[in-house]
Amino acid sequence: MATITLKNIGKIYPGSDKAVISNLNLEIKDKEFVVLVGPSGCGKSTTLRMIAGLEDITIGEMYIDEKLVNHILPKDRDIAMVFQSYALYPHMTVYKNMAFALKLKKTPKEEIDKKVRWAADILGLTEYLNRKPKALSGGQRQRVALGRAMVRNPKVFLLDEPLSNLDAKLRNKMRVEIRKLHEKLATTFVYVTHDQVEAMTMGDRICVMNEGEIMQYDTPQNLYDKPANLFVAGFIGSPPMNFIPAKISKSDNDFYLEYFDRKVIIPKNKYAGINLSQYLKRELILGIRPEDLKLHNNDFASLRVQLDLIELMGSTVHLQVNTHGTDLIAVQETRINLNQENDLELYFDLQNIHLFDLESQEAIFN
């Protein structure tokens with residue numbers, strides 16, 4: 001069993017008066033694959049290093065298997081960490097790299113051999129055991145780094161941007177391999193990345209971070225469908241969500257959404273249980289996913305836009321458009337031929353919209 005609990009964790013580096021991590025609370029379940037994601041400098045790697053014991057905790061409590069580990073050394077936490085740089089010994093063979101930690105623990109040779117060959121078989125490294133790292137590809141080196149962690153049979157795997165040095169094709173392949181590895185080992189994985197595509201495709205749950213705080217901790221689908229705030233809405237999704245200045249008004253029993261020169265009735269089910277009256281005089285942001293802006297007319301709400309650029313993406317077409325000084329992206333699922341000077345009408349279903357309060361940045365409804 002390997003649960004990880006962070007309670008009111010804070011981190012301030014000596015000589016600084018600004019917290020890198022502020023009042024972080026996080027619960028990672030046994031055998032769960034959790035991804036920490038966010039822009040550079042958001043605190044995700046610092047959080048991972050505190051779990052590993054490589055960074056001291058300024059304030060708060062950290063538990064692994066309900067055991068307080070604030071002052072327990074990294075070597076005694078039963079965790080294994082895989083770094084971005086692989087950190088392999090260049091003068092050692094693959095076999096010796098994978099066996100090194102076990103050798104330091106004075107593990108019997110027969111057990112070392114059994115564990116190394118077990119890990120090599122799972123990772124497809126058996127034929128490379130006698131090679132040195134310089135004779136391996138980037139993907140193979142990363143698998144060696146994973147194998148070195150596997151042979152220790154830790155309670156927790158910590159992975160700090162392990163795929164960032166690989167090309168796009170290899171990253172895709174290694175994402176699948178790491179996910180399969182998690183299923184085979186049935187161990188808790190905590191994975192750090194700045195790539196939201198990696199996060200969405202790998203994590204059971206994703207912790208979106210910004211400026212040392214958790215913006216939302218949820219499943220990939222909920223992050224996409226129900227972003228808690230503007231930051232998550234703009235960070236999760238590729239291309240990112242379109243944002244349009246908006247207001248709401250009321251007439252009789254209906255609330256209206258006003259954006260640019262348009263005014264439409266908001267479906268009542270979108271704000272069931274929400275008092276929209278409190279937002280009548282506030283500046284709001286209308287959020288629309290690029291794939292929800294369509295060229296066909298189904299009596300939906302619409303936008304008049306100027307087409308700036310057509311990007312052919314293979315199976316889809318991305319339309320870069322502008323309206324009232326606001327740049328938007330519309331993703332079309334079929335190939336189309338358009339004159340780039342054309343004005344277009346784009347349509348969207350009001351059931352798919354998101355609405356945010358500009359001042360608080362929080363979602364009003366999704």
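None of these values were measured; they are calculated from a predicted model.
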S.K.: Side chains of Gln84 and Ser164: is there a donor and an acceptor less than 3.5 Å apart?
M.R.: yes

S.K.: Any chance you could measure Tyr224, atom OH, to Gln196, atom CD, to the nearest 0.5 Å?
M.R.: 9.0 Å

S.K.: With a cut-off of 6.0 Å (strictly less than), are more than 12 heavy atoms of other residues, nucleotides or ligands near CD of Glu283?
M.R.: no

S.K.: Judged by atom type as modelled, is there a donor-acceptor pair below 3.5 Å linking the side chain of Asn229 to the main-chain atoms of Ala363?
M.R.: no

S.K.: Any salt bridge (Lys or Arg N to Asp or Glu O under 4.0 Å) involving residues 7-27? Give me the pairs, sequence neighbours left out, ordered by first then second residue.
M.R.: Lys11-Glu55

S.K.: Determine whether a donor-acceptor pair (N or O, by modelled atom type, separation under 3.5 Å) exists between the side chain of Arg148 and the backbone of Ala99.
M.R.: no

S.K.: Determine, for Lys67 against Asp76, whether the closest basic-nitrogen to carboxylate-oxygen distance falls under 4.0 angstrom.
M.R.: no

S.K.: Decide yes or no on side-chain contact (heavy atoms from CB on, under 4.5 Å) for Phe83 and Leu159, but give the supporting numbers first.
M.R.: CA-CA 6 Å; Phe83 296 93; Leu159 300 97; over 6 Å; no

S.K.: Is there a side-chain contact between Met50 and Ile9 (heavy atoms, below 4.5 Å)?
M.R.: yes

S.K.: Do Glu198 and Arg171 have side-chain heavy atoms sitting under 4.5 Å apart?
M.R.: yes

S.K.: Under 3.5 Å, is there a donor-acceptor pair between the side chain of Lys106 and the main chain of Lys103?
M.R.: no

S.K.: How about CD1 on Ile59, more than 12 heavy atoms from neighbouring residues, nucleotides or ligands closer than 6.0 Å, or not?
M.R.: no

S.K.: Would the Phe348 and Tyr259 ring centres measure less than 6.0 Å apart?
M.R.: yes

S.K.: Please report the closest heavy-atom contact between Gly43 and Ile21, naming both atoms and the distance.
M.R.: O-CD1, 3.3 Å

S.K.: One pair to check against side-chain contact (heavy atoms from CB on, under 4.5 Å): Leu54 and Leu48. What are the steps and the verdict?
M.R.: CA-CA 9 Å; Leu54 301 176; Leu48 194 78; over 6 Å; no

S.K.: How long is the straight-line distance from OG1 of Thr326 back to CG of Leu286, given to the nearest 0.5 Å?
M.R.: 10.5 Å

S.K.: Going by atom types only, do Asp308 and Asn322 share a side-chain donor-acceptor pair under 3.5 Å?
M.R.: no

S.K.: Can you classify the ring geometry of His91 versus Tyr89 as parallel (below 30°), tilted (30 to 60°) or perpendicular (above 60°)?
M.R.: perpendicular

S.K.: Is there a side-chain contact between Phe189 and Ile178 in this structure, where contact means two heavy atoms from C-beta onward sitting under 4.5 Å apart?
M.R.: yes

S.K.: Cut-off 3.5 Å, side chains only: do Glu213 and Asn23 have a donor facing an acceptor?
M.R.: no

S.K.: Any non-hydrogen side-chain atom of Lys134 less than 4.5 Å from a side-chain atom of Pro90?
M.R.: no

S.K.: Side chain of Thr323, backbone of Arg304: donor and acceptor closer than 3.5 Å?
M.R.: yes

S.K.: Can you tell me how the ring of Phe255 sits relative to the ring of Tyr271, calling it parallel under 30°, perpendicular over 60° and tilted otherwise?
M.R.: perpendicular

S.K.: For Asp343 versus Gln306, what's the shortest heavy-atom pair and its separation?
M.R.: OD1-OE1, 2.6 Å

S.K.: Do Ile244 and Leu355 share a hydrophobic cluster (ILVMFWY, side-chain heavy atoms under 4.5 Å, transitive)?
M.R.: yes

S.K.: If every non-hydrogen atom of Val192 is compared with every non-hydrogen atom of Ser45, which pair is closest and at what distance?
M.R.: CG1-OG, 3.7 Å

S.K.: Compute whether any side-chain donor of one residue and acceptor of the other, for Thr126 and Arg117, lie under 3.5 angstrom apart.
M.R.: no

S.K.: At what distance, to the nearest 0.5 angstrom, does NZ of Lys155 lie from OG1 of Thr188?
M.R.: 10.0 Å

S.K.: Between atom CG of Asp225 and atom CG of Asn222, what is the distance when rounded to the nearest 0.5 Å?
M.R.: 7.0 Å

S.K.: Using a strict 4.0 Å threshold on nitrogen-to-oxygen distance, state whether Asp218 and Arg205 make a salt bridge.
M.R.: no

S.K.: For residues Gly147 and Met98, report the shortest heavy-atom separation together with the two atoms involved.
M.R.: CA-CE, 3.8 Å

S.K.: Around Asp327, counting heavy atoms of other residues, nucleotides and ligands shown, do more than 12 lie under 6.0 Å from its CG?
M.R.: yes

S.K.: CG of Leu24 to CD1 of Ile57: how many Å apart, nearest 0.5 Å?
M.R.: 10.0 Å

S.K.: Could you tell me if the side chain of Asn352 sits less than 4.5 Å from the side chain of Arg289, heavy atoms only?
M.R.: no

S.K.: Under 3.5 Å, which donor-acceptor pairs link side chains of residues 245-254 to any protein atom two or more places apart or in another chain?
M.R.:
| unit_1 | atom_1 | unit_2 | atom_2 | d |
| --- | --- | --- | --- | --- |
| Ser249 | OG | Glu258 | OE2 | 2.7 |
| Asp254 | OD1 | Lys268 | NZ | 2.6 |

S.K.: Apply side-chain hydrogen bond (donor to acceptor under 3.5 Å, both in side chains) to the pair Arg262 and Ser302, showing each step before the final yes or no.
M.R.: CA-CA 8 Å; Arg262 306 294 169 96; Ser302 65; 2.6 Å; yes

S.K.: Would you say that Ile79 contacts Ile64 through its side chain, given a criterion of any heavy-atom pair below 4.5 Å between the two side chains?
M.R.: yes

S.K.: Name the orientation class of the two ring planes belonging to Phe33 and Tyr191 (parallel below 30°, tilted from 30 to 60°, perpendicular beyond 60°).
M.R.: tilted

S.K.: Tell me the closest heavy-atom pair linking Glu161 and Lys44, and the distance in Å.
M.R.: OE2-CE, 3.9 Å

S.K.: Find out if a path of hydrophobic residues (ILVMFWY) with successive side-chain heavy-atom gaps under 4.5 Å connects Val317 to Ile288.
M.R.: yes

S.K.: Assess the residue pair Tyr347 and Leu295 against the criterion (side-chain contact (heavy atoms from CB on, under 4.5 Å)); give the C-alpha distance rounded to whole Å, side-chain angles, the decisive distance to 0.1 Å, and a yes or no.
M.R.: CA-CA 6 Å; Tyr347 301 88; Leu295 284 166; over 6 Å; no

S.K.: If you draw a 6.0 Å radius around CD in Glu359, do more than 12 non-hydrogen atoms from other residues or ligands fall strictly inside?
M.R.: no

S.K.: Is it true that Val82 and Phe100 fall in one hydrophobic cluster, defined by side-chain heavy atoms closer than 4.5 Å?
M.R.: no

S.K.: Closest heavy-atom contact between Met81 and Asp160?
M.R.: CE-CB, 4.0 Å

S.K.: Mark yes or no for whether Asn210, through its side chain, and Cys42, through its backbone, hold a donor-acceptor pair below 3.5 Å.
M.R.: no

S.K.: Run the salt-bridge test on Glu111 and Lys115 with the 4.0 Å N-O cut-off and return the result as yes or no.
M.R.: yes

S.K.: Treat each ILVMFWY residue as a node, draw an edge where side-chain heavy atoms are under 4.5 Å apart, and state whether Ile112 and Leu123 are in one component.
M.R.: yes

S.K.: Is Tyr13 linked to Ile51 within one hydrophobic cluster, defined over Ile, Leu, Val, Met, Phe, Trp and Tyr using a side-chain heavy-atom separation of less than 4.5 Å?
M.R.: yes

S.K.: Assess Lys263 against Tyr256: is NZ or CZ under 6.0 Å from the centre of the six-membered ring, and within 45 degrees of the ring's axis?
M.R.: yes

S.K.: Is there a side-chain contact between Leu136 and Val144, using heavy atoms and a 4.5 Å cut-off?
M.R.: yes

S.K.: Roughly how far, to the nearest 0.5 Å, is OG1 of Thr5 from NZ of Lys29?
M.R.: 11.5 Å

S.K.: Is there a donor-acceptor contact under 3.5 Å linking the side chains of Asp30 and Thr3?
M.R.: no

S.K.: Is it true that Arg175 and Thr201 share a donor-acceptor pair across their side chains at a distance under 3.5 Å?
M.R.: yes

S.K.: Does the side chain of Phe231 reach to within under 4.5 Å of the side chain of Pro39, using non-hydrogen atoms?
M.R.: yes

S.K.: Scan side-chain atoms only and decide if Asn8 and Asn25 contain a donor-acceptor pair under the 3.5 Å cut-off.
M.R.: yes

S.K.: Go through the steps for Thr193 and Val35 under the test side-chain contact (heavy atoms from CB on, under 4.5 Å), then give the verdict.
M.R.: CA-CA 7 Å; Thr193 181; Val35 179; 3.7 Å; yes

S.K.: Around Gln351, counting heavy atoms of other residues, nucleotides and ligands shown, do more than 12 lie under 6.0 Å from its CD?
M.R.: yes

S.K.: For the pair His182 (side chain) and Thr187 (backbone), establish whether a donor and an acceptor sit closer than 3.5 Å, ignoring hydrogens and angles.
M.R.: yes

